[in-house]
Amino acid sequence: MDNTVPDPAALSAALELFNAGKYDEVISFSSGTADPALMLLSARSYAACGKYDIAESLLRSLVRIMPGSSYVHSYLGDVLLACGKEEAEAEYARAISLDAENIPAVRQYADLVISRGDLRGAIPALRTLVRHSGAEEDVRKLMRTLTNVGEAEEAVSIHRRNFGEDTCSVEYIEALMAVGEYQKALNLALRGWTETKDTAYLRLDLESLSAIDKDAAEKAYRSALDSFEEADIADDNVSAIRFSFVLLEKYRENYDAAEFELSQLLGPDADAVYYLLSAEIAAKKEDGERASAIYRSLIESLMAKDTDWETAELVIDRYTAFLSAVRSKEEVAGVISVVLSVYPQAVCLAKIGEAYENAGASLQAKDWFYRAYRADYLRGGLAYAGYLKRSGAGREADTVIRYIVTNAASVSDLEYAADVILNGDSALYQLEKSRGLVQKSLAGVSERLTSKGREMLAAVYLYSAVDALECGNYEDCKWFCLSGIDVLPCYPETISIQDFSDILARVKGRAISERPILMEKAAEASGETEEIPQSGEEEILPNLDEREKKLLAFLREHREATEMDLRSVLDTRRVAGIVNGLLAKTAEFGVTLIEKRGVGERGEVYGYVGRR
């Protein structure tokens, strides 16, 4: 029997084995098959046995055979996710685009997007989950996400629509506090604490009370902390309650009480924010020597851990501000240089440069910024470019930015560079060449950008549209506006579709005559599409039979295929003979269109090497 022909009985038997967890038997039963259904069961069985490399190979072959199958893409996403490969997210995205009701793929996609911090990018997927499942946990996850991105009013509305106005949940109370409904939040949090004794509700109760009545809150915080000590209760919420109390006492200038409670939170693994607050309280108590010692000890600790740039920058900036309150700019630069020059990290080198820049010592500043660039071409380089821009050396700054952007090691690095260029204090976006490079680079990876990255790309298009409008280049202006609208994420943070439509309205009002841009682009694309098949292969090889033409067309489209793939496409087991005949014909005419690339799990591998 030809194993390319689907056999319902064989599929039923394999499915029964799979459902019984007999994965090795499924693999053995499906060996050598070209039936996509059996191949899929075999791939899932390999995955269940932890043989992800073989499962991935099978699923990629199935993607070539059935590119329109949402579930094949989502199963491939599962395997890639199990292997820790970043491509998993793209496969889930493809699965969702083919079938928005593939709920397992939607759920995995949302979790992956959230895990890399792209909360706004996850909202459409979370909305789909809520719409299809209605599960309480899905609703709460959507509410948490909306509140965290500043859309708390929508989170409140979703809760009331799904659970009613007076039902109690942590997510609902946090959303109420975010929109300023403190009394309502207080009442619900108190009820939640009374009914469940969950310390999360008590934390929210005290925070709500603090927003309404700080005197009453101080007493309530003391009572709660005393009860925790008596009952020996300690968890993350208790630590958060203590920290909130410290902030309240600092606000009320009760520094001794604040310092005592803060001491309960300090330790070798304590968050850097706790030590920053400790230093600030010491400074408020006019104990500058102790404050300075805390800052310097914290910097030493962070550099030993090679902490992230943002945390280190925050601590150094706070230390610099502390010094600036009692010393001249020149003295501050000297102290910062002495304290930080012993560390090789780029953030320290850049901060020394910044201190010298503030002191007016341009030569020393440039030298330290350049050292930061050499230590870390990305973050240090952006700090150096910012200094060059502020110093009037725009052309040199353009050169540095070009090196940074073209050598970005990942999409996240490119987004970081774009964020500093477009939104940083140095206004690097004013450098036209750098802005154009950012636009081109982001557009080149637009499908892999986070929602923030897409919004930055939209912002660059907006800048370009404004420039084109001012120059009277109305056609380019329209194109930039339409491109910006296209890449703008569903939940933008700073710009909106209205920004583009306003410019489009101005273009329509000013233009005397204009060409329809989209129709023109569509015509260009159509012309390009018609030219693509004109590779000359039909003219060079006029004697190809139908199977050879079909094989060549498949390889031209997919670039590579296995013997099993081609068996399914050609509906025959004589793939080797057909390929050998095609190779002989091409050799006669002195051209090379396909090649053999060795033998894999699914037989001989063939690749297309001609023009597409």
Looking only at heavy atoms, which two atoms of [X] and [Y] are closest? And how far apart?
X      : Y      : value
Arg140 : Cys168 : NH2-O, 4.4 Å
Ala385 : Ile401 : CB-CG1, 3.9 Å
Ala346 : Asp376 : CB-CB, 3.5 Å
Phe369 : Glu354 : CZ-N, 3.5 Å
Ala408 : Asp413 : CB-CB, 4.2 Å
Tyr387 : Ser362 : OH-O, 3.1 Å

CA sep, side-chain torsions, deciding dist, call: Val139, Phe163, side chain to side chain contact (heavy atoms under 4.5 Å, CB included): CA-CA 10 Å; Val139 176; Phe163 307 122; 3.5 Å; yes
Quick check: Tyr373 with Tyr384 (ring centres under 6.0 Å apart)?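 Yes: the rings meet the under 6.0 Å criterion.
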Between Tyr92 and Tyr109 (judged by ring centroids, cut-off 6.0 Å), do the two rings come close enough to count as a pair?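 When the ring centroids of Tyr92 and Tyr109 are compared, they turn out to be at least 6.0 Å apart.
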[X] [atom1]: over 12 foreign heavy atoms closer than 6.0 Å:
X      : atom1 : result
Arg374 : CZ    : no
Glu289 : CD    : no
Glu286 : CD    : no
Glu153 : CD    : no
Asp425 : CG    : no
Lys440 : NZ    : no
Glu331 : CD    : yes
Arg290 : CZ    : yes

Strictly below 4.0 Å, N to O, side chains only: are [X] and [Y] in salt-bridge contact?
X      : Y      : answer
Arg144 : Glu137 : yes
Asp308 : Arg379 : no
Lys284 : Glu280 : no
Asp198 : Arg203 : no
Lys366 : Glu357 : no
Asp215 : Lys219 : no
Glu455 : Lys452 : no

For Thr320 and Lys351: C-alpha separation, side-chain torsions, deciding distance, then whether side chain to side chain contact (heavy atoms under 4.5 Å, CB included) applies. CA-CA 9 Å; Thr320 302; Lys351 285 301 171 181; 6.0 Å; no
Are [X] and [Y] close enough that a side-chain donor and a side-chain acceptor fall under 3.5 Å?
X      : Y      : result
Glu432 : Tyr463 : no
Gln183 : Asn187 : yes
Asn254 : Glu218 : yes
Thr147 : Glu171 : no
Tyr172 : Arg160 : yes
Glu259 : Ser278 : no

Given salt bridge (charged side-chain N to carboxylate O under 4.0 Å, His left out), test Asp111 with Arg107 step by step and report yes or no. CA-CA 6 Å; Asp111 288 344; Arg107 192 180 303 282; over 6 Å; no
Okay, side chain of [X], backbone of [Y]: is any donor-acceptor separation there less than 3.5 Å?
X      : Y      : answer
Thr194 : Leu190 : yes
Ser297 : Ala293 : no
Tyr377 : Asn407 : yes
Asp235 : Val238 : yes
Ser496 : Pro492 : no
Ser208 : Leu204 : yes

Minimum side-chain heavy-atom gap [X]-[Y] below 4.5 Å:
X      : Y      : result
Val332 : Asn358 : no
Arg402 : Ser434 : no
Leu202 : Asn237 : no
Arg120 : Pro489 : no
Tyr319 : Arg296 : yes
Lys250 : Ile281 : yes
Ile421 : Val405 : yes
Val420 : Glu415 : no

Can you list the steps and then say if Cys348 with Met303 is a side chain to side chain contact (heavy atoms under 4.5 Å, CB included)? CA-CA 9 Å; Cys348 294; Met303 293 306 107; 3.4 Å; yes
As a quick check of understanding, evaluate side chain to side chain contact (heavy atoms under 4.5 Å, CB included) for Tyr370 and Leu349, giving each step before the final call. CA-CA 9 Å; Tyr370 182 71; Leu349 306 177; over 6 Å; no
Six-ring centre of Tyr295, Arg318 cation under 6.0 angstrom, axis tolerance 45°: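 No, Arg318 and Tyr295 do not form such a contact.
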Has Lys197 got its NZ or CZ under 6.0 Å from the middle of the six-membered ring of Trp193, at an angle within 45 degrees of the ring axis?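 Flagged: Lys197 positioned over aromatic ring of Trp193.
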Take Asp166 and Lys184 through the test salt bridge (charged side-chain N to carboxylate O under 4.0 Å, His left out) and record every step on the way to the result. CA-CA 9 Å; Asp166 295 320; Lys184 178 77 172 177; 2.5 Å; yes
